[in-house]
2 protein chains.
Amino acid sequence: MINKKKTTIKDIASVLNISPAAVSKALHDDSRISTKTKEAVKKVAKELNYQPNHLASALRRGKSNLVGVIVPRTNSNFFSSVIQNIEEVLNKEGYNIIITQSNESYKKECSNIDTLLFTQVDGIIASMANETISLDYYEKVKSKGIPLILFDRGENDLNVDYIGINDYESSQMIVEHLVEQGCKRIAHIGGYRRTRIFNNRIKGYVDALKKYDLPLDESLLIESSLTLEDGRDKMMQLLNLKNRPDAVYVAGDYAALGALQILNENNINIPNDIALIGFGNEPFTAMVTPTITSISQHSTEIGKLAALTFLERVNNPEIKQTLNKKILDAELIVRDSSNVKKL
Amino acid sequence: MINKKKTTIKDIASVLNISPAAVSKALHDDSRISTKTKEAVKKVAKELNYQPNHLASALRRGKSNLVGVIVPRTNSNFFSSVIQNIEEVLNKEGYNIIITQSNESYKKECSNIDTLLFTQVDGIIASMANETISLDYYEKVKSKGIPLILFDRGENDLNVDYIGINDYESSQMIVEHLVEQGCKRIAHIGGYRRTRIFNNRIKGYVDALKKYDLPLDESLLIESSLTLEDGRDKMMQLLNLKNRPDAVYVAGDYAALGALQILNENNINIPNDIALIGFGNEPFTAMVTPTITSISQHSTEIGKLAALTFLERVNNPEIKQTLNKKILDAELIVRDSSNVKKL
DNA sequence: AACGTTTAAGCAATCGCTTTCAAGTAAATA
DNA sequence: TATTTACTTGAAAGCGATTGCTTAAACGTT
């Protein structure tokens with residue numbers, strides 16, 4: 001039968017007639033061990049198919065080399081791309097990641113945090129659920145003294161690292177672009193105001209209108225959960241206005257898709273009757289008809305930066321955790337849904 | 001300052017003047033401990049904000065309560081849904097999952113396996129990368145004696161558990177449906193033959209043609225990587241035939257989307273000129289114009305079954321690992337791209 | 001020749017928790 | 001009263017790897 005007993009450093013030690021301690025040191029290229037012994041140890045280790053017991057070393061060193069990642073869902077191009085880049089950077093440094101999903105639920109997010117703390121992760125990188133308002137649980141993480149890095153959804157007053165894009169500026173770019181297309185009545189289906197990033201997008205929208213001398217019509221500024229369904233509802237609401245908008249900027253791609261469906265179903269010409277812009281640059285924005293203009297959030301950079309920020313923290317525990325915002329510039333990807341000239 | 005020293009069972013023990021052993025037992029509701037002591041222990045544990053050290057108990061018990069999951073990518077509705085359901089079932093049983101992505105690369109998949117073994121996972125649930133042919137690495141997992149469960153991509157000769165849908169039958173359903181729509185020249189853009197599931201789809205397609213007395217035209221049966229790009233290329237290839245097909249069944253939704261783009265770009269009426277069917281029921285199939293008929297793979301059930309299968313294995317280690325296929329029936333979701341009658 | 005320095009490896013204590021076995025106490029039985 | 005029996009708890013031995021402290025030998029230096 002197959003040998004199921006795992007080989008330990010003790011086994012290697014007894015083969016070579018040296019102590020387990022020497023084996024451990026040899027495997028870590030400790031300078032106190034001779035090259036000859038090191039080679040012998042490594043050779044035997046390979047022969048016995050030795051696999052270090054991560055749990056034991058983690059216990060001893062008080063480090064699990066595991067990093068927890070919390071995202072609202074993995075089923076989104078943005079998050080899965082962020083995750084992939086976090087993983088790439090951290091794997092190189094010997095860390096593994098544990099991914100958990102909150103499904104936009106605060107309760108699930110809390111239990112995720114518990115799970116991760118229970119697993120003795122060395123740090124947590126998270127993007128908060130839409131629902132999340134209370135920060136108790138994140139305070140808990142902070143109080144454990146392990147690095148906490150937030151991205152995208154998570155700008156906050158927790159005094160921890162944050163990585164995101166410039167939402168305010170993004171809104172400005174969008175409005176500017178729409179104005180260039182000749183739009184005068186620009187609506188905004190925004191996210192929940194209590195979420196910082198959505199609030200920033202709203203602020204950017206409002207200020208941009210002011211900048212271009214466009215009146216702010218309260219009926220054109222709508223708060224939404226930004227799901228596909230709600231995008232449909234809110235778009236319908238806009239269509240029912242006596243004075244319809246000539247452009248709609250939706251703060252999320254899924255909701256933008258819902259809006260697009262309503263427009264198509266009502267045979268409204270996009271972008272000539274109403275131009276449409278989303279946010280997030282999900283792949284489907286380039287797949288639907290017409291393709292949807294959107295904002296790219298630089299998921300690659302965000303992921304890498306988040307990972308690097310964690311590494312910085314974990315390698316310099318003496319530096320006190322403080323607010324450290326890294327804000328990236330976003331990019332407007334112009335597609336058919338807002339490209340009036342082209343049509 | 002915040003108390004960063006973690007409380008251990010020793011701390012609780014010393015507060016109550018009992019032994020750490022008693023505390024351990026009390027926390028596990030061991031019958032040998034009096035109710036009074038248990039209550040006292042739990043109260044103190046809460047007061048001291050005790051969090052069990054997972055590493056220590058895992059080391060001691062030789063179980064990490066971690067399950068590794070390997071998927072080609074999380075950025076797909078199918079996989080992310082499977083993952084979510086695996087997580088749901090396993091969390092209830094006290095397991096956490098570590099998700100890794102292979103990005104369809106065999107090399108990455110191997111390193112993922114190494115990572116997971118290193119992390120001392122109690123089992124691995126995986127769907128193999130497209131590239132994966134050699135099974136050495138999975139043999140390695142098997143030889144470690146930890147449960148290995150494969151799903152979707154992974155039907156194999158490894159003699160391990162496998163959960164998937166009935167690909168052969170799915171193809172039959174698709175062809176049957178197309179025949180009902182009046183199609184006579186049905187093309188199939190299939191996946192790589194070496195991958196069992198794609199081969200099964202091809203077989204189902206071929207046999208179904210026979211069943212309905214349709215001739216098998218080799219130029220209508222194409223092997224593809226099933227990426228969006230390749231879907232475009234292969235669709236183009238079909239359009240260039242002297243004798244075009246009147247229906248195309250694509251073995252993957254992304255490639256089907258590519259095909260749809262080409263058809264739209266060439267102003268070919270879907271489904272009247274050419275009907276189109278995908279596979280996987282990715283959300284975007286319901287978002288594009290026209291919506292794409294596709295096969296739902298019951299990701300929910302697959303995830304749950306995979307998790308339950310793992311639990312069965314891990315709770316009955318005495319039962320030898322054997323081939324144990326669980327094949328679910330798939331469901332055809334008819335949409336505009338193949339609904340001739342409706343238009 | 002005497003002593004300090006390097007180099008190479010071992011010893012033993014931990015990390016925090018679990019588990020077996022024995023022991024102590026109280027209650028029950030003979 | 002003596003002996004079981006049941007019930008609680010404690011002591012101690014690890015799980016496997018790491019690490020500070022020693023030791024022992026080899027090497028140099030006056």
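Quick note: numbers below take in every heavy atom, side chains included, and nothing from hydrogens, waters or symmetry partners.
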Sugar-phosphate only, base, or nothing, as touched by Asp11(A) at under 4.0 Å among non-hydrogen atoms: nothing
Nucleotide nearest Ala22(B) (side chain, heavy atoms from C-beta), chosen from dA17(D), dC21(D), dT9(D): dT9(D)
Nucleotide nearest Thr8(A) when distance is taken to its side chain, options dA9(C), dA17(D), dT19(C): dA17(D)
Nucleotide nearest Ala56(B) when distance is taken to its side chain, options dA12(C), dG16(C), dT20(C): dG16(C)
Distance-only side-chain donor-acceptor flag, Tyr95(A) / Lys63(A), under 3.5 Å: yes
Distance-only side-chain donor-acceptor flag, Ser34(B) / Thr37(B), under 3.5 Å: yes
Spacing between Arg61(A) atom CZ and dT19(D) atom P, to the nearest angstrom: 7 Å
Rounded distance in Å - NE2 (His28(A)) to C1' (dA17(D)): 8 Å
Between C1' of dG16(D) and CD of Gln51(A), the distance in whole Å: 14 Å
d(NZ, Lys10(B); C1', dA12(D)) in whole Å: 13 Å
Nearest to side-chain heavy atoms of Lys25(B), which nucleotide of dT19(D), dC21(C), dC17(C): dC21(C)
Sugar-phosphate, base or nothing in reach of Leu59(B), heavy atoms under 4.0 Å: base
Gap between atoms NE2 and C1', on His54(A) and dC15(C) respectively (whole Å): 14 Å
Parallel, tilted or perpendicular, as decided by the 30° and 60° cut-offs, for the rings of Phe78(B) and Phe151(B): tilted
Residues Arg194(B), Glu131(B); criterion salt bridge (Lys or Arg N to Asp or Glu O under 4.0 Å); working and verdict: CA-CA 9 Å; Arg194(B) 59 164 189 264; Glu131(B) 268 184 39; over 6 Å; no
Asp29(A) CG - dA9(C) C1' separation (whole Å): 16 Å
Residue Tyr50(B), side-chain atoms from C-beta onward, closest of dT8(D), dT19(D), dC17(C): dC17(C)
Interatomic distance where CD1 belongs to Ile9(A) and P belongs to dT19(D) [whole Å]: 11 Å
Shortest side-chain distance from Ile18(A), nucleotide among dT8(D), dG10(C), dT19(D): dG10(C)
Ser34(A) side-chain proximity, nearest of dA8(C), dG10(C), dC17(C): dA8(C)
Atom-pair distance (CG on Asn53(B); P on dC15(C)), nearest Å: 11 Å
